[in-house]
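Atoms considered below: every heavy atom in the structure, side chains included; atoms not considered: hydrogens, waters and symmetry mates. The chains referred to below are lettered A, B, ... by the order of the sequence lines, with proteins before strands, and numbering in each begins at 1.
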There are 2 protein chains.
Amino acid sequence: MIGMDEDAKLNIMQKRIIKSYAWQRDIIVPLSKGFDCTVDELEDLFFSLFDLGTLEALHGTFESAKDICMYQKFNADLRLCWFVGTLEVISPEDAKKLKMKLVEEVKNGKSYEDALKEGKLELFELLKREAKY
Amino acid sequence: MIGMDEDAKLNIMQKRIIKSYAWQRDIIVPLSKGFDCTVDELEDLFFSLFDLGTLEALHGTFESAKDICMYQKFNADLRLCWFVGTLEVISPEDAKKLKMKLVEEVKNGKSYEDALKEGKLELFELLKREAKY
C-alpha cells in the first residue's frame, strides 16, 4: 500500500472487517433488513460511527450483548418481573438460574420457543414448590 | 353465610376474585396454557400462594408488570443493550423515550410486531443523526 495516505489505508482495514463473513451474517444483514436500508448504507453508517479499534472489538461485544438481550427476553416472556419483582414468590436467585440455563440451551442449538416452553414448565414447578411452604 | 366458619368464607371470597372474567382472561387461562396444567390446578396454586388482599391487588399489578415486560422485550428486540450499553451511540434517554412510546402504541391497539418494525426504523434515524456529529 505504498503511496496511499493513512486515511485510505484505514478505510481499507475498516472495510476488511465489516465485509467479513461473520460481520455480514450476524450484524450487517439482519440489521439492514430491520432498518429497511441497503447493506452499503449500513456499512457507511458503521464507518462514520466507529473507529477501527471499535470495529475490531464490535463482533465480540455483539455476541455477549445478544446473550444479555436473550436473558431479558426470557425475563419478559416468563413474566418474571411479575413473579419475582411484584409477587416475590420466586427468588431472584432461582429466576437468574433458570434464565441462564435457558440462554445456555439456546446457545447450544435449542430454539428460543422450545426453551421458553420448557422454562414455563420449570417456573410452574418452582411455584408449586413455593406453595408447599 | 351464617354458620360458615371464617376459612370457608374467605375461600368463597378468594374464589370470587379468581373466577372473575378479567382474572380468567388475563392471568389464569394464558398461564395455565403455558404451565400445561388445568385451570383448577392453577387456581389452587394461587389460593395457596396468596392471601385475599394480595389476590385483590394482583390484577392491577399484573397489568403494570405486563408493561414493564413489554418495555424489556423492546429493549431486547431492538438490541438496545448493545447500542446503548456497549456502543454508547444511543443515549439512555433516547432509548427510554423510544421504548415508552412503543409500549404506549401497543397499549393503544398496535400489534407488538408492527411497533417493533417502526421502532427499528426510528432506531436507524437515531443512529444516522448520531453519525452526523
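Counting all heavy atoms, side chain and backbone alike, B/Arg79 lies closest to A/Cys69 at CA-SG, 3.9 Å. Heavy-atom minimum distance, A/Gln72 versus B/Ala76: OE1-N, 4.0 Å.
A single hydrophobic cluster is seen to contain both A/Ile28 and A/Leu52, as judged by linkage of ILVMFWY side chains at heavy-atom distances under 4.5 Å, directly or through other members. Criterion: ILVMFWY side-chain heavy atoms under 4.5 Å apart, direct or through other members. Under it, A/Leu102 and A/Leu121 are not part of a common hydrophobic cluster. B/Met13 and B/Leu55 fall within the same hydrophobic cluster, where Ile, Leu, Val, Met, Phe, Trp and Tyr residues are linked whenever their side-chain heavy atoms come under 4.5 Å apart, directly or through other members. Both B/Leu80 and B/Met100 belong to a single network of hydrophobic side chains, linked directly or stepwise wherever heavy atoms of I, L, V, M, F, W or Y lie under 4.5 Å apart. Put simply, A/Phe46 and A/Leu10 are part of the same group of oily side chains (I, L, V, M, F, W, Y) that touch within less than 4.5 Å, one to the next.
Relative orientation of the A/Phe62 and B/Trp82 rings is perpendicular, given thresholds of 30° and 60° on the angle between their planes.
Contact annotation for B/Phe50: only side-chain heavy atoms (C-beta onward) come within less than 4.5 Å of a heavy atom of chain A. Contacts of A/Phe47 with chain B are absent, with no heavy-atom separation under 4.5 Å from either backbone or side chain. Of the atoms belonging to B/Leu58, heavy atoms from both backbone and side chain fall under 4.5 Å from chain A. Heavy atoms of B/Leu31 lying under 4.5 Å from chain A belong exclusively to its side chain. Looking at B/Phe74, neither its backbone nor its side chain comes within 4.5 Å of chain A, counting heavy atoms on both sides. For a residue to count as touching a neighbouring chain, one of its non-hydrogen atoms must lie under 4.5 Å from one of that chain's; by this rule B/Tyr71 does not touch chain A. With a threshold of 4.5 angstrom between heavy atoms, B/Thr61 approaches chain A through its backbone and through its side chain. Contacts between B/Asp44 and chain A at a heavy-atom distance below 4.5 Å are absent for every atom of the residue.
Annotation: maximal heavy-atom pairing with chain A below 4.5 Å, among B/Thr54, B/Asp36, B/Leu78, B/Leu87, occurs at B/Leu87. Counting heavy-atom pairs closer than 4.5 Å to chain A, the top residue among B/Thr86, B/Leu45, B/Ile68 is B/Leu45. When each of A/Leu116, A/Val89, A/Leu127 is checked for heavy-atom pairs under 4.5 Å with chain B, A/Leu127 comes out on top. Per-residue counts of heavy-atom pairs under 4.5 Å with chain B were compared for A/Gly119, A/Gly85, A/Ala65; the largest is that of A/Ala65.
Atom SG of A/Cys81 is separated from atom NZ of B/Lys66 by 11.5 Å, given to the nearest 0.5 angstrom. One finds the NZ atom of B/Lys128 at 7.5 Å from the SG atom of A/Cys37 (value rounded to the nearest 0.5 Å).
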